[in-house]
2 protein chains.
Amino acid sequence: MTSSQKPVRKRNAEKTQQAILAAAQQTFFEKGYDGAGTRQIADRANVNVALINRYFGSKEGLFQQAILPELNIDFMLEGDMTDFGQRVAEMFAAKTGEKDFDPVIALLRASTSKEAIPMLRQTVEEQIIKPLAARLEGDSTHERASLIITQLTGYDLLNRIVNVQTTSSNGADDMTRLLAKTIQDLVDVV
Amino acid sequence: MTSSQKPVRKRNAEKTQQAILAAAQQTFFEKGYDGAGTRQIADRANVNVALINRYFGSKEGLFQQAILPELNIDFMLEGDMTDFGQRVAEMFAAKTGEKDFDPVIALLRASTSKEAIPMLRQTVEEQIIKPLAARLEGDSTHERASLIITQLTGYDLLNRIVNVQTTSSNGADDMTRLLAKTIQDLVDVV
DNA sequence: GCAATAAGTCAACACCTGATTACATAACAA
DNA sequence: TTGTTATGTAATCAGGTGTTGACTTATTGC
C-alpha cells in the first residue's frame with residue numbers, strides 16, 4: 001500500500017503551465033474558442049480549473065498564449081517561391097482527414113467567436129499575411145497574399161470542417177493540381 | 001372602450017411562425033448557431049420561448065427551416081458565365097461592411113458548431129457546389145466549382161468576419177480585379 | 001525542525017443555456 | 001352558450017459557463 005500507485009505530479013509551476021498550454025492547444029483546436037470549456041481543459045491537463053486563472057488570468061489569456069503563437073506561416077515559406085503553389089497545395093491536400101493539431105483549423109474554429117476575433121485579426125495580419133506578402137514580388141503584394149490565404153483557409157474550411165466532398169470520385173489529383181495552379185498564379189507577377 | 005388600442009397580435013400560428021423564422025434568420029446570421037440563444041430569438045420575434053419548441057421541435061429544427069433554404073447560389077448564377085468572375089468579385093467586394101442578412105456569412109458563422117455541421121454539409125454540396133459545377137464546361141467541374149466556393153467563402157471569412165484588412169490602403173480595386181481574375185480562371189476551361 | 005512562501009484545492013458565485021411542464025386564455029363550432 | 005381545441009404564458013428543470021477568494025498542502029531557505 002505504500003507504493004505510490006497514483007502518478008502525482010510533483011509541484012512544479014512551470015510544468016503545470018506547460019500541461020495547461022498543451023491541453024488548451026488540443027482542446028481549442030478540437031472545439032473552437034466557445035466550445036472549449038475551462039473545466040474541460042483543466043481536466044485534460046490533470047489540473048484544477050482555478051489554476052487557469054491563476055496562471056493565465058483568464059480564458060482569453062490562455063488562448064493568447066496557447067494558440068496565437070502557432071498562427072504563423074513559417075512552415076509554408078521554407079523554400080523558394082517558384083514552386084510555392086505546388087508545395088502548399090500538396091501540404092493542404094495531405095492534411096485531409098488529419099486529426100492532429102493544426103493551426104489553420106484552430107483559427108477557423110475560433111474565428112466565429114466574438115471574444116476570439118479581435119485576437120485573431122491582428123495575428124492573421126501580422127504573422128500570416130504580411131510575411132507572405134514580403135515574399136512576393138511585383139505589385140499588389142498585400143492583396144495577392146490575402147487572396148492566397150483566403151483560398152487556403154476557405155479550402156480547409158470546406159474540406160476539413162464542413163467536410164464537404166470537394167473532390168469527385170476520381171479527382172483528388174485534379175484538385176491538388178488546380179489548387180496549386182490557382183495559388184501559383186497569385187504568386188507569379190500578374 | 002371596446003376598441004383594441006394595444007397592438008396585441010391576434011392569435012395566428014402562421015404569423016408567429018413567420019415572425020420566429022425571421023428573427024431566427026437575423027439572429028443566426030449575426031451570432032452563429034451556438035451564439036444565438038432561443039430566448040434571444042424569441043424576444044426578437046416578440047414571442048414566448050416555448051413556442052420555438054412547439055412549432056419547430058428544437059433549436060436545430062428552427063435552424064434547418066430558417067437558414068438552410070437560404071444557402072444557395074442562385075443569385076450568383078443569374079447571367080452567363082463569361083463574366084462570372086467579375087460579376088461575383090464585385091458582389092463580394094460590395095458586401096464589405098454590409099450588415100444585412102447574408103447566407104455566406106450565416107454559413108460561416110454556423111460552420112464551427114458541432115450540431116450545425118451535418119446540416120451544412122449536405123446543403124453546401126447539393127445547393128451550392130453542384131449547381132455551380134453544372135454551369136461549368138470542360139473537365140473537373142466539381143473540383144473547379146469547389147475551388148471557386150472555397151475562395152469566395154475564405155474571402156468573406158477574412159474580410160467580413162475576422163475583419164482582416166485584405167486590401168492595402170490604395171488597393172481595393174486591385175483586390176476586386178485580382179479576385180475576379182482568380183475566379184474567372186477557374187471558370188474558363190483549363 | 002520550522003517558518004515562509006509557492007502551489008494547488010475547493011466550494012460557491014452569478015449567470016446563462018435549451019427544453020419541458022402545467023396552466024391560462026382566445027377562437028371557433030355545435 | 002357551451003364544449004373543445006388551438007394558441008400563448010410562466011415557472012422550472014438539469015446542466016453548463018468563467019471566475020473568485022478562502023482554504024490546505026507541499027516545497028524551500030534558514
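We name chains A, B, ... by the order of the sequence lines, and we start the count at 1 in each one.
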>> Please report the distance, rounded to the nearest Å, between NZ in B/Lys31 and C1' in C/dG18.
In response: 17 Å
> Can you find a heavy atom in the side chain of A/Met76 that is under 4.5 Å from one in the side chain of A/Leu152?
Replying inline: yes
> Contact class for B/Tyr55 (heavy atom, under 4.0 Å): base, sugar-phosphate, or nothing?
Replying inline: sugar-phosphate
>> Check the phosphate of D/dG8 against B/Asn48, side-chain N and O only, distance under 4.0 Å to OP1 or OP2. Yes or no?
In response: no
>> Please report the distance, rounded to the nearest Å, between CD in B/Glu60 and C1' in C/dG18.
In response: 11 Å
> Given that A/Ala36 and B/Leu51 both sit by DNA chain D, which one's nearest nucleotide is further toward the 5' end?
Replying inline: B/Leu51
> Quick one: A/Asn12 CG to C/dA7 C1', roughly how many Å, whole number?
Replying inline: 10 Å
> Under 3.5 Å, is there a donor-acceptor pair between the side chain of A/Asp83 and the main chain of A/Gln86?
Replying inline: no
> Can you tell me how far P of D/dT7 sits from CD1 of B/Ile52, to the nearest Å?
Replying inline: 17 Å
> Quick one: A/Asp34 CG to C/dC16 C1', roughly how many Å, whole number?
Replying inline: 13 Å
> Where the side chain of A/Arg11 is defined as all heavy atoms beyond and including C-beta, which of C/dC10, C/dA7, C/dT20 is the nearest nucleotide?
Replying inline: C/dA7
>> Do A/Gln18 and A/Glu14 pair up side chain to side chain, a donor and an acceptor below 3.5 Å, judged on atom types alone?
In response: no
> Taking the six-membered ring for Trp, are B/Tyr33 and B/Phe28 parallel (under 30°), tilted (30 to 60°) or perpendicular (over 60°)?
Replying inline: parallel
>> Base, sugar-phosphate or nothing for A/Ala13? Non-hydrogen atoms, less than 4.0 Å.
In response: sugar-phosphate
> Is there a donor N/O on one and an acceptor N/O on the other, under 3.5 Å, for the side chain of A/Arg54 and the base of C/dG8?
Replying inline: yes
> Touch check for B/Ala42, heavy atoms < 4.0 angstrom, all strands: base, sugar-phosphate only, or nothing?
Replying inline: nothing
> Considering only C/dT17, D/dT17, C/dG8, which nucleotide approaches the side chain of A/Thr16 most closely?
Replying inline: C/dG8
> From C/dT20, D/dT20, C/dG18, pick the nucleotide closest to the side chain of A/Ala50?
Replying inline: D/dT20
>> In this structure, how many angstroms lie between the P atom of D/dT17 and the CG atom of A/Asn53, rounded?
In response: 14 Å
> Does the side chain of B/Thr38 get closer than 4.0 angstrom to OP1 or OP2 of C/dA19 through an N or O atom?
Replying inline: no
> Over how many whole Å does the gap from B/Glu14 atom CD to D/dT7 atom C1' extend?
Replying inline: 14 Å
>> Quick one about A/Glu115 and A/Ser113 (side-chain donor to acceptor, distance below 3.5 Å, no hydrogens or angles considered), yes or no?
In response: yes
> Can you tell me how far P of C/dG8 sits from CZ of A/Phe56, to the nearest Å?
Replying inline: 11 Å
